[in-house]
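Worksheet: one structure, shown below.
We use all heavy atoms of the structure for the numbers below, so side chains are in, but hydrogens, waters and symmetry mates are not. If you're wondering where the values come from, they're calculated on a predicted model, not measured in any experiment.
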Amino acid sequence: MKSEPDVFSIYDLEKRGRSLWDGVRNYQARNFMRAMQVGDGIFFYHSSCPEPGIAGTMRLAKTAYADPTQFDPESPYFDPKSTPEKPRWDGVDVRFEEAFRAVLPLASLKANAALSGLALVQKGSRLSVMPVSATEWGAIMKMAQNR
């Protein structure tokens, strides 16, 4: 799951312990969130920053439910076509697990042959939520341990 660190970082999540992951406004990313189960491991990716990359891990604490920001006219995530009776967008609750000693840069992820199928390293992949296989999870965690 991606977030700009100046908006919400792994360190913000660490301070809170648990948080709603809101503002996802892409149907495919929303559907990936809907497929998540409590306890699933999640990588926290810092994007749109000087060194984009994986900053740490979190766990799913609560499965998908209506994202309240879609109903708030003051929110940048407001969607006038969404109603409480028929919400379009979901959020999930995530729980902080670990901040890596150093961000795993996108360039390092792209250079790892074990991650060649990872959606994040594919050209044109801009989703804020994307699946990671168990094999990819293991390869990334090994990279984090070796930093």
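Interatomic distance, CD1 of Ile140 versus NZ of Lys142, reported as 13.5 Å (0.5 Å rounding).
Of all the heavy atoms in Gly91 and Leu20, the pair that sits closest is CA-CD1, 3.9 Å. In terms of heavy-atom proximity, Asn26 sits nearest to Leu127 at OD1-CD2, 3.2 Å. Shortest non-hydrogen contact noted between Met36 and Ile42 is CE-CD1, 3.2 Å. Here the shortest heavy-atom pairing between Pro87 and Ser82 reads CA-OG, 3.4 Å. Minimum heavy-atom separation, Val38 to Ala61: CG2-O, 3.8 Å.
Partners of Thr135 according to the side-chain contact (heavy atoms from CB on, under 4.5 Å) rule, which considers only residues two or more places apart in sequence or in another chain, are Ser133. Residues satisfying the side-chain contact (heavy atoms from CB on, under 4.5 Å) criterion with Pro131, sequence neighbours excluded, are Phe32. Looking at residues two or more places apart in sequence or on another chain, you find a side-chain contact (heavy atoms from CB on, under 4.5 Å) between Ala144 and Phe100, Leu104. Qualifying side-chain hydrogen bond (donor to acceptor under 3.5 Å, both in side chains) partners for Ser3, counting only residues two or more places apart in sequence or in other chains: none. Under the side-chain contact (heavy atoms from CB on, under 4.5 Å) criterion, Ala102 pairs with Arg147, sequence neighbours left out.
Taken together through direct or relayed side-chain contacts under 4.5 Å among Ile, Leu, Val, Met, Phe, Trp and Tyr, Phe96 and Val103 form parts of separate hydrophobic clusters. Cluster annotation: Val92 and Phe71 are assigned to distinct hydrophobic clusters (Ile/Leu/Val/Met/Phe/Trp/Tyr, side-chain heavy-atom contacts under 4.5 Å, transitive).
The side-chain hydrogen bond (donor to acceptor under 3.5 Å, both in side chains) contacts involving residues 87-114 comprise Arg18-Asp93, Tyr27-Arg88, Arg34-Asp90, Thr57-Glu97, Arg59-Glu97, Tyr65-Asp93, Asp79-Arg88, Asp79-Trp89, where partners must be two or more places apart or lie in separate chains. For residues 19-32, the salt bridge (charged side-chain N to carboxylate O under 4.0 Å, His left out) pairs, not counting sequence neighbours, are Arg25-Asp67. Residue pairs meeting the ring-ring contact (aromatic ring centres under 6.0 Å, His included) criterion with at least one partner in residues 117-147, sequence neighbours excluded, are Phe43-Trp137. Identified under the ring-ring contact (aromatic ring centres under 6.0 Å, His included) test for residues 3-26, with sequence neighbours left out: Trp21-Phe44. Within the structure, side-chain hydrogen bond (donor to acceptor under 3.5 Å, both in side chains) contacts touching residues 113-125 (residues at least two apart or in different chains) do not occur. Sorted by first and then second residue, the side-chain hydrogen bond (donor to acceptor under 3.5 Å, both in side chains) pairs with a member in residues 35-54 form an empty list; sequence neighbours excluded.
Annotation: side chain of Leu106 is in contact with side chain of Leu120 (closest heavy-atom distance under 4.5 Å). Within the 4.5 Å cutoff, the side chain of Met1 has no heavy atoms near those of the Val24 side chain. Contact annotation: the side chain of Ile54 never approaches that of Met143 to less than 4.5 Å [non-hydrogen atoms, C-beta and beyond].
With Asn31 contributing its side chain and Gln28 its backbone, the two residues share no donor-acceptor pair below 3.5 Å.
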